[in-house]
Amino acid sequence: MAETIGDEICSDRPIYVRVACSGKYKPDNLWYVIEEKPCNRCDDTEGLLCYSDSDYIRRISVPDSDVRHTSFAVLGSHIYLIGGDIDTTMKNEDKENIGYKHFELGQNPEWVLGGGKLRSAQFGAAAVGRDGFIYSVGYNQYRLSPDTGILKQLPQFPVPAFLIRRERNYAPYQSRLLALTKSTLFIYVTVSRNAPNLMLSYDLGTGKWDEGYDNISGTWSAGVVLYDDRYLFAFGTQNPMSLPATMSMKPVQKVVPGIYVFDIQQRKWLPEPVKGLPTDGITLPEVYETHDYENEADMDMYEAGPGYTPYLFQVGKENDHKLALLWDTERPNPESGLPQCLLYWSKFVLSPITIGTATVDPHFYVSSLSNGFTVLDEGTYRLLNCAAGM
């Protein structure tokens with residue numbers, strides 16, 4: 001659905017950004033939106049931070065929400081926060097768990113609670129399926145019906161016996177959304193800092209989990225599935241088939257962020273990232289090298305990693321291949337010393353260089369459309385969630 005700004009129609013879906021905030025007079029989080037500029041002008045300057053040649057980012061008015069460990073989705077004019085808990089330690093009370101909260105942009109004066117109380121944290125993105133349900137993942141996986149408000153837990157994903165912690169009655173490890181096709185939910189499960197992630201899929205029709213995939217390394221965005229549900233494109237911090245970037249390696253390994261491609265039919269990741277996105281610290285984060293540990297004790301003291309969370313969205317119409325990526329860093333404000341988020345985004349069109357065959361892998365490249373960069377408000381220190389409007 002196209003978004004309307006003033007009297008103009010914008011073809012790009014807006015990207016909503018929720019950021020953690022600290023400071024004496026700050027709310028727990030601030031909200032922003034990245035929108036396409038109508039006719040390359042910006043008449044509405046309320047909350048405006050900056051703009052690029054074709055987009056602008058502005059702060060939007062959303063009631064403060066102190067819910068933590070929650071997933072995030074946007075459907076129409078409604079923002080959904082699913083699962084998680086509200087920290088009430090300052091009130092000497094137990095945590096208050098929630099099912100979900102939703103807020104209608106421009107309508108509701110406050111968040112509306114629904115779905116009961118789930119004692120299960122959720123992480124990262126949620127996905128709106130073509131069946132109209134919202135799928136959320138975390139320690140457990142859920143399906144939310146926006147029409148009825150019913151939140152249903154999906155069958156527990158299989159966890160290898162050696163990973164199960166007996167004191168817990170649910171999966172002991174975080175799962176994150178990797179992609180949602182017409183019929184399949186893909187997730188990955190983080191095991192430990194120095195081990196690859198488990199990759200699994202869930203058949204929405206049969207209700208069965210499939211764990212027959214290679215493990216993957218790195219931190220990943222929820223992906224975009226294109227070409228008749230054949231290829232999954234995801235923005236990751238490193239090649240998924242390389243060793244985890246926190247492991248001791250001799251010689252050291254180059255960690256290359258990028259958009260990598262999973263062939264759903266062949267059940268394999270393509271070896272090279274999508275071409276055309278420079279790792280220049282603006283479009284994509286820069287390449288870095290892993291640490292060469294002198295001894296095993298160093299592993300407890302050294303925490304490698306890029307220090308950002310990758311996001312990828314389809315911002316064009318359902319059948320086109322216009323995508324946007326987003327990532328963040330953080331630095332202290334030079335005057336106050338408070339943290340301050342730096343936000344980077346790029347938009348581009350994805351195309352195949354070569355078409356895959358039974359024996360030859362396809363190759364993909366992007367044609368850049370625009371990119372932007374901004375410093376968010378003082379006191380912002382971490383992106384909590386991002387989602388594209390529907």
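Worth saying up front: this structure is predicted, and the values here are computed from it rather than measured. When reading the values below, keep in mind they use all heavy atoms of this one structure, side chains included, and skip hydrogens, waters and symmetry mates.
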Does the [X] side chain pair with the main chain of [Y], one donor and one acceptor, at a distance under 3.5 Å?
{"X": "D12", "Y": "E35", "result": "no"}
{"X": "Q340", "Y": "V375", "result": "no"}
{"X": "S217", "Y": "S242", "result": "yes"}
{"X": "N29", "Y": "C21", "result": "no"}
{"X": "S145", "Y": "I150", "result": "no"}
{"X": "D377", "Y": "T380", "result": "no"}
{"X": "E211", "Y": "F157", "result": "no"}
{"X": "D328", "Y": "C341", "result": "no"}

Using distance alone, with no hydrogens and no angle criterion, decide if [X] and [Y] have a side-chain donor and acceptor under 3.5 Å apart.
{"X": "Y381", "Y": "S22", "value": "no"}
{"X": "Y139", "Y": "Q174", "value": "no"}
{"X": "Q141", "Y": "S136", "value": "no"}

So [Y] and [X], do their side chains get closer than 4.5 Å, heavy atoms only?
{"X": "R382", "Y": "V19", "result": "no"}
{"X": "L369", "Y": "S54", "result": "no"}
{"X": "M241", "Y": "D214", "result": "yes"}
{"X": "V255", "Y": "T237", "result": "no"}
{"X": "L198", "Y": "V191", "result": "yes"}
{"X": "L185", "Y": "L200", "result": "no"}
{"X": "I259", "Y": "L350", "result": "no"}
{"X": "L81", "Y": "W111", "result": "yes"}

When the ring planes of W31 and F72 are compared, do they come out parallel, tilted or perpendicular, using 30° and 60° as the limits? perpendicular
Specify whether F364 and F233 have parallel, tilted or perpendicular ring planes, treating 30° as the upper limit for parallel and 60° as the lower limit for perpendicular. perpendicular
Audit row: L342, R331, side-chain contact (heavy atoms from CB on, under 4.5 Å) steps and yes/no: CA-CA 8 Å; L342 287 71; R331 70 181 185 190; 3.4 Å; yes
Residues passing the side chain to side chain contact (heavy atoms under 4.5 Å, CB included) test with T181, sequence neighbours excluded, are S183, T184, F186, V225, D229, I264
Quick one: which of L325, D55, I282, L284 gives a side-chain contact (heavy atoms from CB on, under 4.5 Å) with S346? L325
Please identify which of these residues, W345, F313, Y32, meets the side-chain contact (heavy atoms from CB on, under 4.5 Å) condition with C386. F313
Within a radius of less than 6.0 Å around CG of D228, do more than 12 heavy atoms belonging to other residues, nucleotides or ligands occur? no
Taking every non-hydrogen atom, the tightest pair across [X] and [Y]:
{"X": "E378", "Y": "S336", "result": "OE2-OG, 2.8 Å"}
{"X": "P146", "Y": "G132", "result": "CD-O, 3.3 Å"}
{"X": "V74", "Y": "V128", "result": "O-CG2, 3.9 Å"}
{"X": "I187", "Y": "S175", "result": "CD1-CB, 3.8 Å"}
{"X": "P339", "Y": "E330", "result": "CB-OE2, 3.3 Å"}
{"X": "W220", "Y": "A234", "result": "CZ3-O, 3.5 Å"}

Applying salt bridge (Lys or Arg N to Asp or Glu O under 4.0 Å) as the test, list every pair that has at least one member in residues 260-276; sequence neighbours left out. D210-R267, R230-D263, K268-D361, E272-K275
Do any pairs count as a salt bridge (Lys or Arg N to Asp or Glu O under 4.0 Å) and have a residue in residues 134-157, sequence neighbours left out, and if so which ones? none
Joint hydrophobic cluster, [X] plus [Y], side-chain heavy atoms closer than 4.5 Å:
{"X": "I15", "Y": "L343", "result": "yes"}
{"X": "I60", "Y": "L384", "result": "no"}
{"X": "V256", "Y": "W327", "result": "no"}
{"X": "L312", "Y": "M199", "result": "no"}
{"X": "L113", "Y": "L105", "result": "yes"}

For side-chain contact (heavy atoms from CB on, under 4.5 Å), just list the numbers for Y100 and L144, CA-CA rounded to whole Å, side-chain angles, deciding distance to a tenth of an Å, and then say yes or no. CA-CA 9 Å; Y100 70 92; L144 170 64; 3.6 Å; yes
After noting the C-alpha distance and the side-chain angles of Y135 and L177, does the key distance pass the side-chain contact (heavy atoms from CB on, under 4.5 Å) rule? CA-CA 9 Å; Y135 292 85; L177 177 68; 5.8 Å; no
Can you tell me how far [atom2] of [Y] sits from [atom1] of [X], rounded to the nearest 0.5 angstrom?
{"X": "L326", "Y": "F235", "atom1": "CG", "atom2": "CZ", "result": "8.5 Å"}
{"X": "I82", "Y": "L151", "atom1": "CD1", "atom2": "CG", "result": "7.0 Å"}
{"X": "S351", "Y": "H363", "atom1": "OG", "atom2": "NE2", "result": "15.0 Å"}

Salt bridge between R13 and E36, side-chain N to carboxylate O under 4.0 Å? no
Run the side-chain contact (heavy atoms from CB on, under 4.5 Å) test on T190 and F123 for me, step by step, so that the C-alpha distance in whole Å, both residues' side-chain angles and the decisive distance to 0.1 Å come before the verdict. CA-CA 11 Å; T190 57; F123 304 102; over 6 Å; no
